[in-house]
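Have a look at the structure below before the remarks.
Proteins come first, then strands; the chains are lettered A, B, ... in the order of their sequence lines, and each starts at number 1. Computed from a predicted structure; not experimentally measured.
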Amino acid sequence: MFGYYLNLALRSFRRNKALTALMVLAIALGIGASMTTLTVFHVLSGDPIPDKSDRLFYVQLDPEPMRGYRPGEEPQSQLTRFDSETLLKQKRGLRQTLTSGGNVVISSDKPGTTPQLVDARYASADFFPMFDVPLRYGRAWTASEDDAKARVAVISKELNDKEFGGGDSTGKTLHIAPNDFRIIGVLDAWRLTPRFYDLYNDNYGATEGVFMPFSTARDLDLGTQGNTNCWADSNGDSRALNAPCAWVQYWVELDSAGKAADFRSYLVNYSNQQRAAGRFERPANVRLRNVMELMAFNKVVPGDVRLQLWLALGFLLVCLVNTVGLLLAKFLRRSGEIGVRRALGASRMEIFKQCVVEAGTVGLAGGVFGLLLALLGLWAVRQQPASYASLAHLDGSMLLLTFVLAVAASLLAGLLPAWRAMQVTPAIQLKSQ
Amino acid sequence: MTGTAAMDIRPILSTLMRHKIASLLIVLEIALTCAIVCNALFLIGDRLDRMNMHSGIADHELVRIQAASLRQLSSDDAVDKSVSLEYLDTLRKVPGVRQAAIVSQLPFGGSSNNSSVNLTSDQERPTLDATVYTDEGSLVKTFGLKLLAGRDFNSDEFQDITDLQKAGDKAQIPVAIINRSMAEKLYPGQNAVGKVFYSWTESPTRVIGVVEELARPNSLDQGAYAMIFPLRDYGAGKHYILRTEPGRRAEVLDAAIKALKKTDPNLLVVNQDTFDEVRARYFEQDRAMAWMLVVVIVALLLVTALGIVGLASFWVQQRTKQIGVRRALGATRGQILRYFQLENFLLATVGIALGMLLAYSINQLLMGKYELPRLPLHYLPIGAIALWLLGQAAVFGPARRAAAVPPAVATRSV
């Protein structure tokens, strides 16, 4: 019976080409717009590190003076260098790292090349295993190299390709003027979306070019990049160990998500100790958020992306209402035909089925065209200036969702018209013929 | 005239009552479209306002070179200073350059330095958060800022930022210039010149001038507060701002880079562009969003128009016989045409009324979620008129076909 209804649907499309094209176009536009924005949203709001996002925690303390204190208020978003280095030494998590963004000037031996500014990441050794950083060649640095302020660097695949022509560059020298660094590792292709470990630089930006020990960067007083918040006079050096400035990010990896409560009480203890020692003034006010909690709290997905999603869903709704109206017109226009089928013995259910098959076919066609429009839409998104633009690609699950959405939407749109159509009374239709 | 209109409306209403579902669908579609279009128009207006925000500076006369020298990597203050002064001197000699200045940041430039501002030294919560421009000696003239009150800095009021940092607790910034927004927020209804505030140092800073406008480099939602301190900041990677004639910007920029490269082979240029480009880059996302909204509006209106055409055609076809009867009974083509036009007008009016309510509720939702301002009422009539016109345009084709139905149809069986 299904095959027969499909055949009938196709015949009906051929008879009303314009109306059918209109319906397919409406659904395709709605689906195309929704899938474009849903895909962008899906890419941007996804879990950047699904294996352990519930075990990686971002630490916040409240080192500010009593002035302006309001109980329960959100503490500084980053840590002071003193607190982060102290927590790192106490090693209370499975792994921990302190990190900061920066930039360095790289000069090359090659004649004719000009020095260039490259984004850098300063971190302690656990950064690599904690964030599952893939290494193509060589190794990451060790905790003892952290302690020794070793002049070692790990470089990104992109920088390796550009500066050293790809290949195993470990052992080569990287001139970060005026010093020389030994390259000990080269990353494989790696890009976190978003780059959650530092939400104070471009969240969806590319991976840094150079990674080096935090201690080395401080030893050489290399430039940092990101937010710095000082609450007292830093005597001109906000990067000094005891500067009253928050600018370092601190992450801890725990054995299990359940250990968070223990770690939180450790942070409270730490705050109390610091207060007893006179370094902190405020009552303990700590935050410990895992990756997804941190992203939600910081509203990492740009507001524009959410707005576009709502807009597209609104558009889809209009397209659906439109389709309901057109299907209704289409089915009722064939009242005579339906009357004849009913008079020849087709039950109401059969009429209903026939109409739903027709609606579903429209949906499938709309889905195919909608998919093309979504691909076009995503291409348009990739031409946008935002740093996340290049990430807008359709994956398998979104592809499937496109068709599910299209068919479900048009079936839904077909229900009311089909229900109206099955109520056509054969007698009246036959009489008016 | 009113009598005939009333007589026209009654049969229309009774017909629509017999096609409740189809009428409802059209009304719903128009309402949704109206609501979304009103809000989208409003969002576009909001973006355009942002993009047209005044910078306060001579937008079309400025070029920016953000540069450093490899010699500056030693982190030696004296080297920083000599390199910067050498660059500035070189740039001032470039033909076409009228003024040149070293600044730490520029309007819509992205990264910024900000500081909280207090009215008293022992205040619990800061009064506001202002962005800090450091002036090496000629910022006001080079930027082309308009002084509303007071004066520019005197040459003896400038100090090196490194000296300020070394001074520790004794550091002082005795004078500052602030923008009007900041003056009005700090001292509402008063003359700001001569008043003091506290920021950066423990000592008071006195306002000596108020400029009409000077926009922030970023975080525009934090309030348009900006202040200028007479501090010579020679650190690496500062911005060199050159003022020239609008037509000579490209040429001056080119010559300036060449001149710098000639004086210093170790030059590292981070950015080189006109201020118009800086500005365009800052608002790129807003422009993209505004265009996307335009596309959505056009697509929505198109889909709705096509929906109206489809349903109206169906109705015309369904009522061909009645139309024939009316024509046979003496109705003119014009009356048939007007019948369908009036019918569409009625449906559109109900849809628009509903749509306005919906537009307002959507706006309330957006206000809560995205900190958008309230939808100004003048967007509602714009949306209404757009949909009325759209409805009339869409129904015209089917209505004309209806008017063309010959009276003879009444005598035939369809």
Where does [X] contact chain A at under 4.5 Å (heavy atoms): side chain, backbone, both or neither?
X         : value
Leu311(B) : both
Val270(B) : side chain
Glu202(B) : neither
Leu366(B) : side chain
Leu43(B)  : side chain
Gln317(B) : side chain
Asn114(B) : neither
Leu32(B)  : both

**Asked** Under 3.5 Å, is there a donor-acceptor pair between the side chain of Asn39(B) and the main chain of Ala35(B)?
**Response**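 It does hold such a pair.
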**Asked** Where the side chain of Ser199(B) meets the backbone of Ser116(B), is there a donor-acceptor pair that is under 3.5 Å apart?
**Response** yes
Just checking, is any N or O donor in the side chain of [X] or [Y] under 3.5 Å from an acceptor N or O on the other one?
X         : Y         : result
Thr131(B) : Ser112(B) : no
Thr134(B) : Arg232(B) : no
Asp233(B) : Ser104(B) : no
Asp264(B) : Ser69(B)  : yes
Gln66(B)  : Gln272(B) : no

So, are [X] and [Y] salt-bridged, with charged N and O less than 4.0 Å apart?
X         : Y         : value
Glu337(A) : Arg15(A)  : yes
Arg218(A) : Asp221(A) : yes
Asp304(A) : Arg47(B)  : yes

**Exercise: identify the closest heavy-atom pair between Ser238(A) and Trp247(A)** =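 Minimum heavy-atom contact is O-NE1, 3.5 Å.
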**Prompt:** Of the non-hydrogen atoms in Gln172(B) and Ser203(B), which two are nearest, and what is the gap between them?
**Reply:**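 Heavy atoms only, the tightest pair is CG-OG, 3.2 Å.
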Between [options], who has the most heavy-atom pairs with chain A when the cutoff is under 4.5 Å?
options                         : value
Ile362(B), Asn266(B), Ile21(B)  : Ile21(B)
Leu268(B), Leu28(B), Ile36(B)   : Leu268(B)
Ala299(B), Ala68(B), Ala22(B)   : Ala299(B)
Gln318(B), Arg287(B), Gln285(B) : Gln285(B)

**Prompt:** Hey, which of Asn322(A), Leu311(A), Val321(A) has the most heavy atom pairs under 4.5 Å with chain B?
**Reply:** Asn322(A)
**Request:** Pick whichever of Leu332(A), Leu320(A), Leu307(A), Leu326(A) has the most heavy-atom pairs under 4.5 Å with chain B.
**Result:**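 The residue among Leu332(A), Leu320(A), Leu307(A), Leu326(A) with the greatest pair count is Leu307(A).
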**Asked** Should we say atom CZ of Phe369(A) is surrounded by more than 12 heavy atoms from elsewhere, each under 6.0 Å from it?
**Response** no
**Request:** Give, as side chain, backbone, both or neither, the part of Gln116(A) having an atom under 4.5 angstrom from any heavy atom of chain B.
**Result:** backbone
**Item:** Rounded distance [0.5 Å steps], CE in Met23(A) versus CG in Leu306(B)
**Value:** 12.5 Å
**Item:** Option among Thr33(B), Leu301(B), Leu300(B), Leu302(B) that satisfies the side chain to side chain contact (heavy atoms under 4.5 Å, CB included) test with Leu390(B)
**Value:** Leu301(B)
**Asked** Considering heavy atoms only, which positions within residues 416-424 of chain A lie below 4.5 Å of chain B?
**Response**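 So far as heavy atoms go, Leu416(A), Arg420(A) are the residues that approach chain B to under 4.5 Å.
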**Asked** For chain A, which residues from residues 288-298 of chain B have at least one heavy atom closer than 4.5 Å to it?
**Response** Ala288(B), Met289(B), Met292(B), Leu293(B), Val296(B)
**Prompt:** Under a 4.5 Å cut-off applied to non-hydrogen side-chain atoms, are Phe314(B) and Val309(B) in contact?
**Reply:**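 SC-SC contact between Phe314(B) and Val309(B) ruled out.
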**Glu73(A)/Arg125(B) under salt bridge (charged side-chain N to carboxylate O under 4.0 Å, His left out): CA gap, chis, key distance, verdict** = CA-CA 13 Å; Glu73(A) 206 174 43; Arg125(B) 311 282 295 185; 3.3 Å; yes
